[in-house]
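In what follows, chains carry the letters A, B, and so on, assigned in the order in which the sequence lines appear, proteins first and then strands, with residues in each chain numbered from 1.
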Amino acid sequence: MKLFDNLPIECKARADYEKTGQEWVFFFKPGVLRKAVQRLYKDGWFLEDLLALDTTDGMLLVYHFDKMSRPGRVTLKVLTSGTEPKIPTISDIYQGADWHEREVYDFHGVVFEGHPNLIPLLLPAEEDQRIEPPLLKTDKKRTGLKNLMSLYETEVCSAAVEALFTEEPAEEAPAEG
Amino acid sequence: MTRYPDPKQVGGDFYSRNFAKNARPDTLILNLGPQHPSTHGVLRVLLELDGEYILRAEPVFGYLHRMHEKMGETKAWGQFMPNMGRVDYGHPLSWNWAYCGAVEKLAGIEVPERAEVIRVITHEMNRLTSHLLWWGAYILDLGAFTPIMYAFDDREHLLDLLQRPTASRLTYSYFRFGGVSKDLDEKFVEGTKAFIARFRQRLPMYKDLVTDNIILRKRVEDIGIIDQDMVTRYGATGPVARGAGLAYDLRVSEPFGVYDRFDFKVPTQTTCCSMGRYLVRMEEMEQSCRIIEQALEQLPGAEGPHLVKGAPKPQAKMPAGEAYFAVEGGRGKVGVYVVSDGSKIPYRVKLRAPGFSNLSCFAEACQGMLLADAVAVLGSLDLIIPEIDR
Amino acid sequence: MELMAKIAFWIYALIILGGGIVAVGSSSLVRALMGLISTLVGVAGMYMLLGTPFMAFMQLLIYVGAVAVLIFFAVMLTDAHGRGDESEPAPIRQHLFALGAVMAVGGVLSWLIMNRPPASSLVPAEVSIEQLGHGLLESYFLAFELISVVLLVAMSGAVLLAWEKRGKK
Amino acid sequence: MSIHPQLLHLIIALIAVMAWVGLNALVLVYFERKGAGFIQRRPGPFEVGPQGIIQPLVDGIKLMCKQLVMPTGADPVLFWTAPLLSMTPVLLLFLVLPYGPWLTGMQIDLGILLILAFAGINVLALLIAGWSSNNKYGLLGAARAVAQSVAYEIPLLLAVLAVAFTTGTLDFVKITEGQGPWPWQWNMVYQPLAFIIFIISAVGECNRAPFDLPEAESELTAGFHTEFSSMGFGLFFMAEYSYMVVVASVASTLFLGGYQGPFGSDGWWWYLPKVYAILMFMIWIRWTYPRVTFVQLLNINWKWLLPLGTVNLLATAFFMKLF
């Protein structure tokens, strides 16, 4: 997997496809995401889905990409702020991401910067009927990334990401927009 | 002087007003749905029409939104299973399988061979019911009333058969972590064999009577072009991708279960039009029959029980971690991504609905077409609205 | 039977008059068109009464079935809306002028009919289609052909107008 | 004061025709549903009465008992005029049909012309219905209805004219008697092209599938009658079926020898089976074919039926002059 060489990767890890259904897992900073996605598009990958995960370490955006010609799944993970999640849109690269991003905006309140039409998709749209993003966790239930997933076999990994997955939690969320 | 489609003057809800903002002053804005005979449930498509030609389209949905993903975060792992039968009433067993597969990956549960073969048989039969439902409804959209009766005749046989092990006819909750809930009996096997023999005779009849009909061909050929580039950009899968010439079928390209044992073809069409998608589905029914036949032959030799010993209880805890599992449903790639924090309730369940991505192609594919063609294209995408809204 | 004919005449006359008033006075274009259509139907009835069913049916077939429908289409194709200039009620002066125009024409016509009545026959003469055909293609050939020329010119003019407009777009 | 015998005849005929139109609509609805059932391998209506025979009647009563709803913003006068305007001319059309040697309500020289003239009013009714109901589907349906009816009237006329040329009259009775009792003496044999054009245009004129574009339910929900409920819809429904009967009757008179039967057994017993055979044909294709698109519909008309009809007419005129 050399697609993202010479991009500032936060973390590159090989996962066990049999156990997790993913082949490669990458961590990116929000600023690098669009470049990485452009490379995936040029290489013929398609966006499977896009979701957000509400954790104590912040809002984790998970992008699943797959290729039609070979098995294996690439997961891009981007950590943003948990209180005011913001991330650049990829809907101009993958038009299919448009609705996925609107859905995430609905469910988790993540704002996709540069999205042309960021209006509610599935939840009530009228101004007086809108509701709080329903999939945000309560403080009691919210937990850290290290309790939810492992880092797998890392090839490259920045200290900041590694700190997320060590037993002693880092003082504050390291990834910044 | 005020012109008619003045956004302030146009009534309607949020989406109508939002859509009317960009409308040309001399066009007609039409709401196709949410209650409309050809939107199969409660899909709504906002159309900007110049005469009967479509300039712009925007699907609006969410009328059937049930927030399955939130429900997943409030129920125990096993208790969420029945929801999976309700996401997609067309091909519920694919959702059953995707969720079970994801949880089995997460917990490392081994599925016995016999259970895997049973899963293949029922899954493929369910695909037949799904395609038959689509076929009848699609031809109904095109204005022919009779084929749906024939399709439902066949479908009824399948439902009667599937009812024996699954105990339901539409919203199956048949798969369990580590197998299936009930074994197949002799009557089921015989009935299925008889059905396949009968269905093999019906398929050529459908081809003669419906597929080769000149009006049908003129209606669906060369409309709703979705080519390979569009498929990649929108993430469309299933017959939509195969109709664009991409031989992408998870049963072959990312084999799950025991699909690698069976000999079958992945039908593709290179026309990229609605007829291509139509022909792909018709051919897939034939291939499903082949898979069921082979699986029925392998069933007696398959070892193990139908449900693994020590299968997790509905309230069981699952180890922490994440897992993604995708199966080939009737409409395309059905993916379930689960995240566990080690408790008995999932931390996050993400459902990847194929119809969601397939429908997103529509706005681009229908530009410049006639209103009647829009109906033909919507139908050719095989939409199941509950699945898109989740 | 003569009484019947008289009753029929008055019914048709009322339909024609009523239709005319609706056609002129209605603020809704489509209702005005309906008035026009009832006038045309009334005229067709008059033709019937005059013993020329061919003319009556042709009137229905061509004017009601085709021309009225075309006018309807023209109404639908115009860029009309609920708050245009036409939607405001016309000033009284305009009504008075209209009434004057009607009175002038009606007065002249009634004066003519009262003072110089044409000879009328009690029972209308039946004109068969054959006679009609012979008339059109023999004695009144020139007039008939001239009408076709006028229609042709009108048609090409309409095409020309529409053509130019599309070019401007 | 004594009533003129001709007038009496007319009044009796009118009353008889009203009953006959109602009866025909009921029978035809029953046939349609049974035919659909047969084609779709199901029994069709069979609960109400023996073999469901009074189902259409009960449906009619149900329709009458339902509420009349008018949408807001609709034009109240035109909205209620439209169904009446659709239904009433039909009654007149039934008057001139030749059911048998002595069973003709009103024998006039211009029978065909009368039918064509009054059938044109139906177009107007559909147009008003669609326009006045303040509904976009209705408007689209109305626009379609007009474009379709105006277009299909032309080949229909051309086909009728071809027959009128050969027989030299527009009188139904004379046209019937111009043909012989046996199938090879029918106009269908001498004017096969005209017959085919007539049947296709007739299906188009009646807005029947596969040409039922004005009410294409998968595109326009119900087209011009989307907003009509109760008997408003019921009248459109009856008018549609009555026009079907009229068109089939005209076809059987013009092309199939009308009421003529072999060995002097003329009468309605020959006429009605011919009419119903054509109706059954229309029912058959309705339940068999998908619907065409509107562009295709107009293409069939302007690019095929119209040139063929014209050629047929010219050829007929040519042969008439020649022989």
Could you go step by step and tell me if Tyr41(A) and Arg233(B) meet the side chain to side chain contact (heavy atoms under 4.5 Å, CB included) rule? CA-CA 8 Å; Tyr41(A) 174 61; Arg233(B) 280 189 288 121; 3.6 Å; yes
Pick one of side chain, backbone, both or neither for [X], based on which atoms fall under 4.5 Å of a heavy atom in chain B.
| X | answer |
| --- | --- |
| Asp16(A) | neither |
| Pro120(A) | both |
| Glu126(A) | both |
| Phe65(A) | neither |
| Leu50(A) | backbone |
| Arg142(A) | both |
| Leu121(A) | both |

Quick test of your reading of the model: are Glu254(B) and Lys67(A) salt-bridged, counting only N-O distances below 4.0 Å?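 No salt bridge links Glu254(B) with Lys67(A).
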Are Glu103(A) and Lys350(B) ion-paired here, with the side-chain N under 4.0 Å from a carboxylate O?
->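 Result for this pair is yes, salt bridge flagged.
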Using a cut-off of 6.0 Å, state whether more than 12 heavy atoms not belonging to [X] lie near its atom [atom1].
| X | atom1 | value |
| --- | --- | --- |
| Gln129(A) | CD | yes |
| Lys75(B) | NZ | yes |
| Lys137(A) | NZ | yes |
| Lys70(B) | NZ | yes |
| Glu113(A) | CD | yes |

What pair of heavy atoms forms the shortest contact from [X] to [Y], and how long is it?
| X | Y | result |
| --- | --- | --- |
| Ala326(B) | Arg73(A) | CB-NH2, 3.7 Å |
| Gly96(A) | Ser360(B) | CA-OG, 4.4 Å |
| Ile388(B) | Leu122(A) | O-CD2, 4.3 Å |
| Gly21(A) | Lys105(B) | CA-NZ, 3.3 Å |
| Ala320(B) | Asn147(A) | CB-O, 3.3 Å |
| Lys19(A) | Ala323(B) | O-CB, 4.1 Å |

(Q) To the closest 0.5 Å, what do you measure between CZ (Arg348(B)) and CG (Leu60(A))? (A)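 So the gap between those two atoms works out to 11.0 Å.
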CG-CD distance between Leu148(A) and Glu322(B), expressed to the nearest 0.5 angstrom: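 So the CG of Leu148(A) and the CD of Glu322(B) are separated by 9.0 Å.
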| Do you know which of Leu47(A), Ile93(A), Asp49(A) has the most heavy-atom pairs under 4.5 Å to chain B? |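 The answer is Asp49(A).
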Give the member of Met68(A), Gln22(A), Met149(A), Glu127(A) that has the highest number of heavy-atom pairs under 4.5 Å with chain B.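 Option with the top pair count is Met68(A).
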By a 4.5 Å heavy-atom criterion (distance strictly below it), what part of [X] contacts chain A: side chain, backbone, both, or neither?
| X | answer |
| --- | --- |
| Met230(B) | neither |
| Ala236(B) | backbone |
| Asp249(B) | neither |
| Thr232(B) | both |
| Leu359(B) | both |
| Thr237(B) | side chain |

**Asked** Taking every heavy-atom pair that is under 4.5 Å apart, which of Leu106(B), Leu246(B), Asn18(B) has the most such pairs with chain A?
**Response**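 Looking at each option in turn, the highest pair count goes to Asn18(B).
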>> Looking only at heavy atoms and a cut-off of under 4.5 Å, which of Gln228(B), Glu69(B), Glu104(B) has the most pairs with chain A?
In response: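 That would be Glu69(B).
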According to the interplanar angle, ranging from 0 to 90°, do the rings of His100(A) and Phe356(B) count as parallel (below 30°), tilted (30 to 60°) or perpendicular (above 60°)?
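Rings of His100(A) and Phe356(B): tilted, 30 to 60°.
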> Hey, are the side chains of Lys333(B) and Phe46(A) touching, using non-hydrogen atoms and a 4.5 Å cut-off?
Replying inline: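 A side-chain contact exists here, since the closest heavy-atom pair is under 4.5 Å.
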With heavy-atom distances below 4.5 Å as the criterion, would you say the side chains of Leu135(A) and Met67(B) are in contact?
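A side-chain contact under 4.5 Å exists here.
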Honestly, is Lys141(A) close enough over Tyr347(B), meaning NZ or CZ under 6.0 Å from the six-membered ring centre and within 45° of the axis?
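Output no; distance or angle outside limits.
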Does the cation-pi check pass for Arg130(A) over Phe14(B), that is, NZ or CZ under 6.0 Å from the six-membered ring centre and within 45° of its axis?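 The answer is yes, since Arg130(A) meets both limits relative to Phe14(B).
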> Does a side chain donor of either Tyr324(B) or Asp66(A) reach within less than 3.5 Å of an acceptor in the other side chain?
Replying inline: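 No, Asp66(A) and Tyr324(B) have no side-chain donor paired with an acceptor closer than 3.5 Å.
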